[in-house]
Amino acid sequence: GRRPTQNRTTPKDTTKRVKLTSRLEPAMRRCKNGALRLRLLTLANGAGRRRRRRLQFSTFTIADIPEVKEAEMCAKRGDWGGALQLLERATMVLSSVPEMKLQTMSRTADIYQKQGNISKEISVRQSLMEVAAAEPGCQQYVPGAVRAASIALLRGGEVDKAIMYNIEALQDLKDPLARLESEIVAAVILTHHPRRNNEVLGIIDGVVEECQMERPARGGGGRGDNDNDDQELQVAHCVGEMVRVRYYHHHSRDIDDHGTNNQEVSSSTVTAAAAAGPALAEAYSLLEGSKDIDGGVPATTTLFGGGFSLEELAGVCLAARGSCYGALEEGSIELEEDCLNKAITRFETIDESKEKGLFYLANTLRSLANLRMRKGDGVVAEGLFRSVLSKLNQLPKSILVADLRVAALRDYAVLLEKMEWNGRSRKPEADKLSLEANMIEKEIFKEGEETNMEQVGLLRNIISFGSITDQWLLNVFGRMPF
């Protein structure tokens, strides 16, 4: 009664006998990898007779595609050209699978972002918006695509266009939480508008007020689904206050850029910090109990695409609070140090194998090193700077990491210029660090198309790679939540 061997269905026979769906058929036929062809086939065969085989491949994701795997390896070693070629090939293979096509396009835009090629990044992110809006079943990705395109346009200096994209997106949003997200992004963009930046505080006030009103209306920590809504409102409140602090700091920097005397700049910064510090502290208190007790896994959020944990947000919030205290007069340095140490503890709980967690940790350690340098504790500051450079060595190559390395090397050089060893000045060591920083800067900014110093300054000033808050905004708003 045993079935003859020749009648068994092999993977090769299956590809001939199973009727494919119209969307997956072209992708499968282009793919030359046998295992991948079978997986694409399994996705298409929704009612196949071999149910166990179908379930075996049900976890198939974009990361299973060989070209995408190889592209990630290329990106880690800074081979941008190789990564882009592989992703282009993967995009062609998956042209009939809209969701996977969006993911490969998003990875392409991220590569351009890490490379520092802002014009190419903008082009790909605009295409992402169009594909997400046009393809059936992909409309849920439109808000994330609009956010990422808006931040890319902002970094490229096209502030008016970024605002236009965000306003158009706001008109189509019905969900209150989605509108809060878009309003926060609008506040980030308007901070850099030469004539409309006075609208930012009004937007943030509106966001905070709506969060405070919606929490009691939705249960204010009640049971059931309201718990999730309450958590999202806490996140929106906290991010709104972080954007307020960012606005104040950027405003004080603008005054400095226009040549106003240092006393006025200092007064403006102190006033801003005094206004923003308590509000940010209140927002942070909402996140203090953000850890999930069950399993010790940090709680996550679905806001802004859900690309971060509340533990991560709490760390960034603490670092922002530290920047507020750092702007105040004498007596606040201990408060600043306390916030930075707490932020470091938060970031250390994040898996350090993750790129952004390690980046935040390195950035916060740099802030603490500068604080120790201001306190006159040069030995501790030097140890912290060395730790920063060690952390950065563990990260994949990118313009973001390289630019933070430049900032850390220059800060370290400032410290060494003031130090001595056995009666000898350490200025020669400082000069070597400054030279290394200059060489890295020339190297990283020739990778992309934008090599002139005006564009380099634009990229740095709008989304500062050295600012922990800005880096978090770039990670959350400036990339698709895949």
Side-chain angles (χ1 to χ4, degrees), residues 106 109 112-113 118-133 139 141-211 236 239-255 257-258 303-305 450 454-455 457-464 467 469-481:
S106 178
Y112 282 128
Q113 184 185 96
I118 189 67
S119 60
K120 290 289 182 65
E121 182 192 348
I122 289 172
S123 176
V124 176
R125 296 210 187 276
Q126 288 174 325
S127 298
L128 265 167
M129 284 175 50
E130 296 168 3
V131 173
Q139 279 71 33
Y141 298 114
V142 171
V146 171
R147 280 198 301 271
S150 298
I151 294 299
L153 287 165
L154 172 64
R155 294 178 62 237
E158 300 183 51
V159 184
D160 287 313
K161 198 168 185 179
I163 292 170
M164 180 190 72
Y165 278 11
N166 208 63
I167 290 174
E168 289 178 355
L170 268 171
Q171 292 172 351
D172 298 330
L173 294 174
K174 306 298 181 186
D175 179 64
L177 285 172
R179 290 188 66 84
L180 283 175
E181 291 177 4
S182 202
E183 285 168 1
I184 290 171
V185 176
V188 172
I189 298 168
L190 285 169
T191 296
H192 303 278
H193 197 284
R195 296 178 303 280
R196 297 182 60 187
N197 56 26
N198 58 338
E199 300 175 30
V200 172
L201 296 181
I203 293 173
I204 296 302
D205 287 340
V207 167
V208 171
E209 183 179 352
E210 189 168 349
C211 289
V239 176
E241 293 296 356
M242 283 166 50
V243 173
R244 188 198 303 275
V245 170
R246 181 181 184 274
Y247 167 81
Y248 282 135
H249 282 296
H250 184 80
H251 178 65
S252 64
R253 186 174 63 186
D254 278 349
I255 295 175
D257 289 344
H258 286 92
L303 211 65
F304 306 113
E450 294 77 17
E454 181 181 353
Q455 183 67 33
L458 184 65
L459 287 171
R460 281 182 173 158
N461 290 332
I462 287 184
I463 298 289
S464 170
S467 162
T469 300
D470 278 13
Q471 182 59 41
W472 185 83
L473 290 171
L474 184 61
N475 279 328
V476 175
F477 297 167
R479 294 174 186 169
M480 289 283 285

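Residue numbers start at 1 and run along the sequence shown. No hydrogens, no waters, no symmetry mates; every other heavy atom, side chains included, goes into these values.
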Quiz item: Any donor-acceptor pair under 3.5 Å linking the side chain of S123 with the backbone of S119?
Solution: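 Checking the backbone N and O of S119 against the side chain of S123, no donor-acceptor pair under 3.5 Å is found.
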
With sequence neighbours excluded, what pairs up with [X] under the side chain to side chain contact (heavy atoms under 4.5 Å, CB included) test?
{"X": "V142", "value": "A132, A133, V146"}
{"X": "A145", "value": "M129, M480"}
{"X": "A178", "value": "L173, D175"}
{"X": "Q139", "value": "none"}

Give me the atom names and distance for the closest heavy-atom approach of [X] to [Y].
{"X": "A148", "Y": "R125", "value": "O-CD, 3.4 Å"}
{"X": "P176", "Y": "E210", "value": "CB-OE2, 4.4 Å"}
{"X": "T191", "Y": "N197", "value": "O-CB, 3.7 Å"}
{"X": "V243", "Y": "A187", "value": "CG1-CB, 4.0 Å"}
{"X": "A236", "Y": "C211", "value": "CB-SG, 3.7 Å"}
{"X": "G240", "Y": "I184", "value": "N-CD1, 4.3 Å"}

Quiz item: Taking only residues two or more places apart in sequence, or in another chain, which ones meet D160 in a salt bridge (Lys or Arg N to Asp or Glu O under 4.0 Å)?
Solution: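 D160 satisfies salt bridge (Lys or Arg N to Asp or Glu O under 4.0 Å) with no other residue.
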
Practice problem: Could you point out which residue of N475, D470, V476, T469 forms a side-chain contact (heavy atoms from CB on, under 4.5 Å) with W472? | Solution: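 With W472 as partner, N475, D470, V476, T469 yield a single side-chain contact (heavy atoms from CB on, under 4.5 Å), made by V476.
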
Practice problem: Using a strict cut-off of less than 4.0 Å between a Lys/Arg side-chain nitrogen and an Asp/Glu carboxylate oxygen, indicate whether E181 and R147 qualify as a salt bridge. | Solution: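 Salt bridge between E181 and R147, a charged N being under 4.0 Å from a carboxylate O: yes.
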
Supply the atom-to-atom distance [X] [atom1] to [Y] [atom2], rounded to the nearest 0.5 angstrom.
{"X": "Y247", "Y": "I203", "atom1": "OH", "atom2": "CD1", "value": "11.0 Å"}
{"X": "H193", "Y": "N198", "atom1": "NE2", "atom2": "CG", "value": "10.5 Å"}
{"X": "S182", "Y": "L177", "atom1": "OG", "atom2": "CG", "value": "12.5 Å"}

Using the side-chain hydrogen bond (donor to acceptor under 3.5 Å, both in side chains) criterion, which residues pair with [X]? Sequence neighbours excluded.
{"X": "Q113", "answer": "E121, R479"}
{"X": "Y165", "answer": "Q126"}
{"X": "E183", "answer": "none"}
{"X": "E199", "answer": "R196"}

Practice problem: Before giving the answer on side-chain contact (heavy atoms from CB on, under 4.5 Å), spell out for Y248 and L201 the whole-Å C-alpha distance, their side-chain angles and the decisive distance to 0.1 Å. | Solution: CA-CA 9 Å; Y248 282 135; L201 296 181; 3.9 Å; yes

Quiz item: Between D205 and R244, is a side-chain contact (heavy atoms from CB on, under 4.5 Å) present by the stated rule, with each step listed?
Solution: CA-CA 9 Å; D205 287 340; R244 188 198 303 275; 3.0 Å; yes

Quiz item: Is the shortest heavy-atom distance from the side chain of I151 to the side chain of L473 under 4.5 Å?
Solution: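 A side-chain contact is absent here, since even the closest heavy-atom pair is not under 4.5 Å.
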
Practice problem: Could you note down all residue pairs passing ring pair (Phe, Tyr, Trp, His ring centres under 6.0 Å) where residues 141-162 supplies at least one of them, sequence neighbours left out? | Solution: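 Matches after skipping sequence neighbours: Y141-F482.
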
